[in-house]
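As a basis for the values below, the full set of heavy atoms in this structure was taken, side chains included, without hydrogen atoms, waters or symmetry mates. Numbering of residues begins at 1 and proceeds along the displayed sequence.
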Amino acid sequence: MKLLKSIPLLGWIIVAIVVGILTGPVMPAWLGGVFLTYNSIFSGFLSFVVPLIILGLVMPAIAELGKGAGKWLGITAMIAYGSTILAGLLAYFVSRWLFTSSLSGGGLEAFGEESGSGFSPFISVVASAGDSATEIVLAPVIDVMSALVLAFILGIGLTAFRSKVLFRGAVEFRTIIESVIRRIIVPALPLFIFGIFMDLSASGSAVTVVTKFLLVALVSFALTFVVLLLQYSLAGAMSGINPLKALWNMRDAYFTALGTSSSAATIPVTLASTKKNGVADSVAGFVVPLCATIHLSGSMVKITCFSIAVLLLTGGDVSFAAYLPFILMLGVMMIAAPGVPGGAIAAAAGLLVQMLGFGDVEVGLMFAAYIALDSFGTATNVTGDGAIALIMNKLTHGRLGTQAQDPQDEDVEAAEGSETEEHALAH
């Protein structure tokens with residue numbers, strides 16, 4: 001039992017994919033139906049909880065960003081958001097350039113629908129009533145976009161009125177949502193992904209998906225290094241230092257994050273590495289812990305590359321006009337992503353469904369692909385924090401104070417406790 005508990009989530013995902021591919025062609029129809037019933041129940045629950053995830057994560061994130069260190073917090077947040085958006089745009093254009101010819105017309109336009117596997121669930125959990133007697137209706141209490149707008153309204157309202165009670169309630173609601181992700185969604189993922197690849201294998205599509213996704217994985221991995229080079233080129237130009245030397249000084253943070261898959265656990269190493277580049281203690285102490293939560297350029301690259309690949313394989317719309325709103329909204333969701341393995345893609349699932357039209361199979365593939373490269377995304381995120389620290393060190397002339405600039409902010413600091421650090425885990 002201890003051995004099983006010691007296996008990381010990525011290990012379970014790999015086992016699920018391999019076993020699903022191997023057993024799909026020989027799986028009895030009744031047993032395949034059992035697994036697809038599980039997938040239907042899980043998908044229905046995920047659809048129900050996604051708006052709650054958005055509301056529970058975005059609302060306190062906005063409230064936290066709106067208070068505290070005044071204009072420098074706002075400037076740091078805007079730089080982090082801009083860096084994340086630019087990483088997404090780079091990933092979009094490179095993906096369109098490299099994947100359009102190789103992935104378009106992949107023959108998977110009917111992804112997840114009448115796949116020809118011969119399996120069908122005994123019970124289907126759906127969001128709205130249909131004609132089948134075997135359907136269970138589990139309608140979300142609010143749709144995705146309404147949840148996002150409501151989260152913005154409440155988050156801004158909490159910032160304006162500074163209510164200790166409401167802020168504490170928002171933080172505690174986030175704790176509940178993060179527990180749902182950590183204790184229910186993430187542990188249930190391997191069996192869900194097994195069912196997806198079992199179904200794909202039985203229909204003859206699994207090999208196509210895996211081989212094509214290997215190319216996407218290699219490209220997204222290479223793009224994370226390009227993003228870091230661009231970030232440090234800009235930071236080096238502003239600070240007057242060699243960008244390659246500055247990037248090399250961050251190597252300890254990169255490899256620590258590669259091993260821990262945790263931005264928060266890497267903060268002490270990131271601080272030490274950032275100071276090697278001449279960043280003042282006060283600036284590093286302010287920027288690094290903040291960016292561990294809000295700067296996720298590596299995660300943006302992964303989600304963008306794989307979502308473009310899925311759209312191309314399934315014949316979806318990959319035009320810039322259709323995809324740009326998704327990148328802009330995804331940047332917000334990355335700021336609010338919960339600190340659990342797979343938390344960023346769980347937070348983004350609602351946007352994938354609502355804005356890109358993804359179904360259960362597509363979302364499951366996104367979970368698998370994201371988790372497979374999770375540690376590299378985290379390493380890119382924390383290493384990029386050092387570039388933002390260099391920029392902020394230049395803008396503030398190394399004299400950034402960390403004290404609260406509004407006395408009323410001190411009233412709500414106790415409600416946060418260690419939330420910010422926990423919120424950054426696994427980014």
Side-chain angles (χ1 to χ4, degrees), residues 57 61-62 64-88 224 227-228 230-232 234-236 238-239 246-247 249-250 252-254 256-258 260-301 330-339 343-344 347 376-396 398 400-402 416 418-427:
L57 299 181
I62 293 174
E64 288 171 341
L65 288 179
K67 62 180 200 63
K71 71 172 185 178
W72 293 120
L73 184 146
I75 292 173
T76 306
M78 289 305 299
I79 293 174
Y81 179 76
S83 173
T84 303
I85 295 302
L86 290 176
T224 59
V227 167
L228 288 176
L230 292 174
Q231 290 172 342
Y232 277 87
L234 176 60
M238 292 184 62
S239 304
L247 182 56
N249 286 338
M250 296 296 297
D252 290 343
Y254 184 91
T256 301
L258 203 63
T260 63
S261 292
S262 169
S263 294
T266 313
I267 285 176
V269 182
T270 308
L271 281 169
S273 299
T274 300
K275 293 174 184 178
K276 289 181 181 178
N277 286 326
V279 177
D281 289 355
S282 61
V283 176
F286 175 79
V287 173
V288 170
L290 175 63
C291 286
T293 301
I294 67 174
H295 184 224
L296 284 84
S297 53
S299 300
M300 173 67 85
V301 167
L330 184 59
V332 176
M333 293 309 302
M334 290 300 93
I335 291 176
F376 292 103
T378 303
T380 303
N381 295 338
V382 302
T383 306
D385 297 345
I388 295 180
L390 279 169
I391 294 173
M392 291 301 299
N393 193 64
K394 177 65 175 180
L395 294 177
T396 62
L400 177 63
T402 58
E416 291 186 63
S418 60
E419 287 292 328
T420 301
E421 181 173 337
E422 182 180 352
H423 184 57
L425 289 171
H427 282 175

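Val332 is listed as a side-chain neighbour of Tyr81, based on a closest heavy-atom distance under 4.5 Å.
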Next on the checklist: Set out, in order, the CA-CA distance, both residues' side-chain angles and the distance that settles side chain to side chain contact (heavy atoms under 4.5 Å, CB included) for Leu228 and Thr380, then state yes or no.
Outcome noted: CA-CA 7 Å; Leu228 288 176; Thr380 303; 4.0 Å; yes
Next on the checklist: Before you tell me yes or no, could you show the steps for Ser299 and Asn381 under side-chain hydrogen bond (donor to acceptor under 3.5 Å, both in side chains), namely the whole-Å CA-CA distance, both residues' side-chain angles and the distance that decides it to 0.1 Å?
Outcome noted: CA-CA 7 Å; Ser299 300; Asn381 295 338; 3.2 Å; yes
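With hydrogens and angles ignored, the 3.5 Å screen pairs no side-chain donor or acceptor of Ser83 with any backbone N or O of Ile79. At distances below 3.5 Å, not a single donor-acceptor pair connects side-chain atoms of Asp385 with backbone N or O atoms of Val287.
Of all non-hydrogen atoms in Ser297 and Gln231, the two that sit nearest each other are OG-NE2, 3.2 Å. Smallest separation of non-hydrogen atoms from Val227 and Ala87: CG2-CB, 4.1 Å. Looking at every heavy atom in both residues, Ala284 comes nearest to Val279 through N-CG1, 3.8 Å. Among all heavy-atom pairs drawn from Ala387 and Ala235, the shortest one is O-CB, 3.6 Å. Residues Lys394 and Ser239 approach most closely at CB-OG, 4.3 Å, considering heavy atoms. Closest approach of Ala257 and Thr266 over heavy atoms only: CA-OG1, 3.6 Å.
Remark: Tyr254 OH to Thr270 OG1 distance equals 13.0 Å, nearest 0.5 Å. For the atom pair Met250 CE and Asn277 CG, the distance stands at 7.0 Å (nearest 0.5 Å). In this structure, SG in Cys291 is found 8.5 Å from CE in Met392, a value given to the nearest 0.5 Å. In this structure, OG on Ser273 lies 5.0 Å from CG on Asp252, to the nearest 0.5 angstrom. To the nearest 0.5 Å, the span separating OG1 on Thr84 from CE on Met333 amounts to 13.5 Å. Annotation: the span from Leu230 atom CG to Leu86 atom CG amounts to 9.0 Å, rounded to 0.5 Å.
Partners of Phe376 under the ring pair (Phe, Tyr, Trp, His ring centres under 6.0 Å) rule, at least two apart in sequence or in another chain, are Phe221. Shown here are the side chain to side chain contact (heavy atoms under 4.5 Å, CB included) partners of Leu234, two or more places apart in sequence or in another chain: Met238, Ile391. Scanning for side chain to side chain contact (heavy atoms under 4.5 Å, CB included) contacts around Ala80 gives Ile294, His295, Ile388, with sequence neighbours left out.
Counting heavy atoms of neighbouring residues, nucleotides and ligands inside a 6.0 Å radius, atom NZ of Lys275 exceeds 12 of them.
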